[in-house]
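First the proteins, then the strands, lettered A, B, ... as listed; each starts at 1.
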Amino acid sequence: MMIDKVYCSQVKPKMEGERVKLAGWVYRKREVGKKVFIVLRDSSGVIQAIFRKDSEEAYKLAKKVGIESSVIVEGTVRADPRAPGGVEIQADKLEVVQDVEFFPITKDASDEFLLDVRHLHLHSPKVGAILKVKATMMQAAREWLLQDGWYEVFPPILVTGAVEGGSTLFKLKYFDREAYLSQSAQLYLEAAIFGLEKVWSLTPSFRAEKSRTRRHLTEYWHLELEGAWMDLWDILKVEEELVSYMIQRTLELRRKEIEIFRKDFETLKNTEPPFPRVSYDEAIDTLQSKGVSIEWGEDMGADEERILTQEFDRPFFVYGYPKHIKAFYMKEDPEDPRKALAADLLAPEGYGEVIGGSQREDDYDKLVQRILEEGMDPKNYEWYLDLRKYGSVPHSGFGLGLERLVAWAMKLDHVRWATLFPRTPSRIYP
RNA sequence: GCCGCCGUAGCUUAGUCGGUAGAGCGCCGGACUGUUAAUCCGGCGGUCCCCCGUUCGAGCCGGGGCGGCGGCGCCA
């Protein structure tokens with residue numbers, strides 16, 4: 001039953017006198033004297049409708065209708081400087097599709113309460129703006145990936161083992177066996193490059209870690225790429241071009257939505273290739289010169305990372321981490337065996353890690369050795385090790401946390417606002 | 001797993017020294033000739049998170065529990 005309606009944002013002052021039909025929800029209602037003002041909201045925006053007593057039936061309904069009721073409004077377009085946006089609907093017909101007695105979300109809602117009623121919070125134009133930006137970012141990613149020759153693949157979510165020893169997996173029953181929810185598609189993407197060379201996927205990733213930070217969710221959307229015949233420096237170029245395009249394109253298409261949350265666009269505009277490349281060694285030096293007590297070989301914690309990101313006005317890479325703090329599948333630097341050919345992309349303004357990437361170990365023996373060093377059993381990685389026995393090639397890849405990129409772009413205070421129904425250790429409902 | 005904080009009306013909260021629990025928003029009723037999260041008047045609304053204890057008397061003091069939040073670690 002598509003209604004032959006116009007969207008709120010389509011109504012312009014030059015349409016003065018035109019008869020229109022709109023469908024949406026009651027966003028605001030004000031009764032003054034013998035008039036009722038209803039601000040109507042739909043997915044495109046808002047417009048004011050005015051009900052006067054001379055259209056008695058509509059006026060009576062308008063007086064009674066509650067906030068966030070679903071309604072269909074008919075009337076005539078009027079340009080009026082007193083109306084928000086300079087245009088309004090002189091309404092003469094109101095159909096209340098479903099009347100709402102009271103909407104639980106009012107102006108004094110805490111973050112916690114908004115998450116409790118997330119299903120209703122999705123009415124909010126602010127939430128809508130974030131969801132639109134997220135959608136546009138993926139639209140941009142697809143545009144870039146298509147023109148650069150990457151194939152989208154669809155990896156499994158039900159898996160048998162860990163990608164990284166440390167991360168905790170959600171366990172589930174798989175008939176009479178155990179299985180897990182995937183925390184990364186990487187291993188499967190690595191397999192796919194032997195047929196398609198350049199592949200990517202967008203999948204949910206799951207981490208059963210009780211992380212209580214503004215950067216973590218137990219379920220998040222993971223954009224992963226894997227490319228054959230690419231070394232670390234090749235994949236960094238892919239990363240910066242892809243991220244730059246996602247940001248620039250979204251800035252072009254969704255400026256209004258971003259502006260609701262972010263006032264300063266400098267760091268977004270600065271997101272043009274090449275991104276600065278900072279070695280781990282330089283990062284340690286910088287931190288030490290700022291009085292941070294950190295030694296070569298230690299991993300950077302959240303505090304260190306934050307201090308470092310405040311030095312930059314655009315995203316930047318940190319590369320050349322010590323091997324022992326990185327995952328087993330990352331290739332050892334042939335010029336310095338203490339280091340891994342790994343790089344993270346950090347967002348500025350304190351946001352930190354958005355991408356983790358690396359060149360992969362493509363040598364069978366070295367990979368077996370690394371698996372043993374991590375205290376894992378090579379038997380569990382048999383098919384993965386096979387990839388190094390049957391036409392192994394140098395290859396690299398990375399994973400991007402979509403919510404993290406959105407959170408930075410919109411300057412959100414938590415990644416949970418960048419997802420439809422956030423899952424955290426304490427929250428799996430609604 | 002570790003450190004810190006908080007649970008009072010649908011929501012946001014005040015509550016002094018331990019002495020009959022208050023406000024704003026929302027909702028309901030009324031007033032108002034154009035409002036911009038309108039305004040004004042009136043009304044409805046309470047398992048003070050739970051249990052035990054101290055006390056003549058506990059929202060407040062003590063003990064235990066439950067739930068949540070902020071951060072660390074881990075990562076994207």
Asks: Is it true that A:Trp200 and A:Phe398 have ring centroids separated by less than 6.0 Å?
Replies: no
Asks: Does A:Asp231 have any salt bridge (charged side-chain N to carboxylate O under 4.0 Å, His left out) partners at least two apart in sequence or in another chain, and if so, which?
Replies: none
Asks: Nearest whole angstrom, please: distance from the P of B:G1 to the CD of A:Glu209.
Replies: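 One finds 13 Å between P of B:G1 and CD of A:Glu209, rounded.
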Asks: Rounding to the closest angstrom, what is the interatomic distance between B:G10 and B:C2 at atom P?
Replies: 35 Å
Asks: Can you check the distance between B:U39 and B:G57, where both ends of the measurement are the C1' atom (answer in whole Å)?
Replies: 44 Å
Asks: Taking the C1' atom in each of B:U33 and B:G42, what is the distance between them to the nearest angstrom?
Replies: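 About 24 Å, rounded to a whole number of Å.
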Asks: Does the pair A:Glu240/A:Arg314 count as a salt bridge with the N-to-O cut at 4.0 Å?
Replies: no
Asks: Using side chain to side chain contact (heavy atoms under 4.5 Å, CB included) as the criterion, list what pairs up with A:Thr106, not counting sequence neighbours.
Replies: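 A:Thr106 satisfies side chain to side chain contact (heavy atoms under 4.5 Å, CB included) with no other residue.
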Asks: Heavy atoms under 4.0 Å is the rule here; annotate nucleotides 29-42 of chain B 5' to 3' with B where the base is hit, S where only the sugar-phosphate is, and - elsewhere.
Replies: ---BSBBBBB----
Asks: Flag the pair A:Glu259 and A:Lys256 as a salt bridge only when some basic side-chain nitrogen lies within less than 4.0 angstrom of an acidic carboxylate oxygen.
Replies: no
Asks: Taking Watson-Crick and G-U wobble pairs with both distances under 3.5 Å, convert RNA chain B into its dot-bracket string, 5' to 3', dots for unpaired and | for cross-strand pairs.
Replies: (((((((..((((.....[..)))).(((((.......))))).....(((((..]....))))))))))))....
Asks: Go through residues 347-354 of chain A and report each residue with a non-hydrogen atom lying under 4.0 Å from RNA chain B, sorted by number.
Replies: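 RNA chain B contact set from residues 347-354 of chain A: A:Glu353, A:Val354.
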Asks: Please evaluate the base of B:G73 for a donor-acceptor partner in the side chain of A:Thr213 within a cut-off of under 3.5 Å?
Replies: no
Asks: What's the gap between B:G24 and B:G63 when it is taken at their P atoms, as a whole Å value?
Replies: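 Rounded to whole Å, the distance is 36 Å.
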Asks: Salt bridge (Lys or Arg N to Asp or Glu O under 4.0 Å) with A:Glu361: which of A:Lys323, A:Lys326, A:Lys331?
Replies: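 Option passing the salt bridge (Lys or Arg N to Asp or Glu O under 4.0 Å) with A:Glu361: A:Lys331.
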Asks: Quickly work out the A:Asp303 CG to B:C3 P distance and round it to whole Å.
Replies: 18 Å
Asks: Who are the side chain to side chain contact (heavy atoms under 4.5 Å, CB included) partners of A:Lys93, not counting sequence neighbours?
Replies: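 Applying side chain to side chain contact (heavy atoms under 4.5 Å, CB included) to A:Lys93 gives A:Glu74.
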Asks: For the ring pair A:Tyr381 and A:Phe328, is the centre-to-centre distance below 6.0 Å?
Replies: yes
Asks: Contact class for A:Arg416 vs. all strands (heavy atom < 4.0 Å): base, sugar-phosphate, or nothing?
Replies: sugar-phosphate
Asks: How long is the straight-line distance from CG of A:Leu402 back to CG of A:Leu202, given to the nearest 0.5 Å?
Replies: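 Atom-to-atom, A:Leu202:CG and A:Leu402:CG are 6.5 Å apart.
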Asks: Pull out every residue in residues 421-430 of chain A that has a heavy atom closer than 4.0 Å to any atom of RNA chain B, ordered by number, or say none.
Replies: A:Ser426, A:Arg427
Asks: Say we look at B:C28 and B:G64: how far apart would their P atoms be, to the nearest angstrom?
Replies: 46 Å
Asks: NA contact type, A:Gly301, heavy-atom cut-off 4.0 Å: base, sugar-phosphate, or nothing?
Replies: sugar-phosphate
Asks: Using the C1' atom as the reference point in each nucleotide, state the distance between B:G26 and B:G43 in Å, no decimals.
Replies: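 That atom pair is separated by 14 Å.
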Asks: Taking the P atom in each of B:U8 and B:U35, what is the distance between them to the nearest angstrom?
Replies: 39 Å
Asks: Would you indicate what A:Tyr220 reaches in the nucleic acid, counting non-hydrogen atoms under 4.0 angstrom: base, sugar-phosphate, or nothing?
Replies: base
Asks: With sequence neighbours excluded, give me every ring-ring contact (aromatic ring centres under 6.0 Å, His included) pair touching residues 204-226 of chain A.
Replies: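 ring-ring contact (aromatic ring centres under 6.0 Å, His included) check on residues 204-226 of chain A returns A:Tyr220-A:His222.
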Asks: Output every pair passing side chain to side chain donor-acceptor pair (under 3.5 Å) with a member in residues 108-117 of chain A, not counting sequence neighbours, ordered by first then second residue.
Replies: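 Pairs touching residues 108-117 of chain A that pass the test: A:Asp116-A:Arg427.
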Asks: Return whichever of A:Asp413 or A:Leu217 has its heavy-atom-nearest nucleotide of RNA chain B closer to the 5' end.
Replies: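 Upstream on the strand: A:Asp413.
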Asks: Rounded off to whole Å, could you give me the NE2-to-C1' distance for the A:His414 and B:C75 pair?
Replies: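 My rounded result for the distance is 14 Å.
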Asks: With sequence neighbours excluded, tell me which residues meet side chain to side chain contact (heavy atoms under 4.5 Å, CB included) with A:Pro378.
Replies: A:Val368, A:Ile371, A:Leu372, A:Leu385
Asks: With P as the reference atom in both, quote the distance from B:C50 to B:C5 in angstrom, rounded to an integer.
Replies: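 About 22 Å, rounded to a whole number of Å.
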Asks: If the cut-off is 4.0 Å, is A:Ser211 near the phosphate of B:C74, judged by side-chain N/O to OP1 or OP2?
Replies: no
Asks: Rounded to the nearest Å, what distance is computed from the CZ atom of residue A:Arg404 to the P atom of nucleotide B:A76?
Replies: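 It works out to 8 Å between those atoms.
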Asks: Taking RNA chain B as the partner, which of residues 111-144 of chain A come within under 4.0 angstrom of it by heavy atom?
Replies: A:Glu112, A:Phe113
Asks: Flag the pair A:Trp417 / A:Phe261 as yes when their ring centroid distance falls below 6.0 Å, and as no otherwise.
Replies: no
Asks: Carefully, step by step, assess A:Tyr280 and A:Tyr321 under the rule ring-ring contact (aromatic ring centres under 6.0 Å, His included).
Replies: CA-CA 6 Å; A:Tyr280 171 84; A:Tyr321 289 93; 5.7 Å; yes
Asks: Could you check whether A:Glu282 and A:Ser279, counting side-chain N and O atoms only, form a donor-acceptor pair closer than 3.5 Å?
Replies: yes
Asks: Using the benzene-type ring in the case of Trp, are the ring centres of A:Phe421 and A:His119 under 6.0 Å apart?
Replies: no
Asks: For A:Asn380, give me all partners under side chain to side chain contact (heavy atoms under 4.5 Å, CB included), at least two apart in sequence or on another chain.
Replies: A:Asp377
Asks: B:G26 P sits how many Å from A:Glu101 CD, rounded?
Replies: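 The answer, rounded to whole Å, is 15 Å.
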Asks: Assign A:His222 to base, sugar-phosphate, or nothing according to its heavy-atom contacts below 4.0 angstrom with the strands shown.
Replies: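 The answer is sugar-phosphate, as A:His222 gets under 4.0 Å only of primed atoms, P, OP1 or OP2.
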Asks: Could you give the CG-to-P distance, from A:Leu346 to B:C75, as a whole number of Å?
Replies: 14 Å
Asks: Calculate the interatomic distance between A:Lys210 atom NZ and B:C72 atom P; express it in whole Å.
Replies: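 Roughly 18 Å, once rounded to whole Å.
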Asks: Taking atom P of B:A76 as reference, at what distance in whole Å does atom CH2 of A:Trp408 sit?
Replies: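 My rounded result for the distance is 19 Å.
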Asks: For the CG atom of A:Asp92 and the CD atom of A:Glu57, what is their distance to the nearest 0.5 Å?
Replies: 10.5 Å
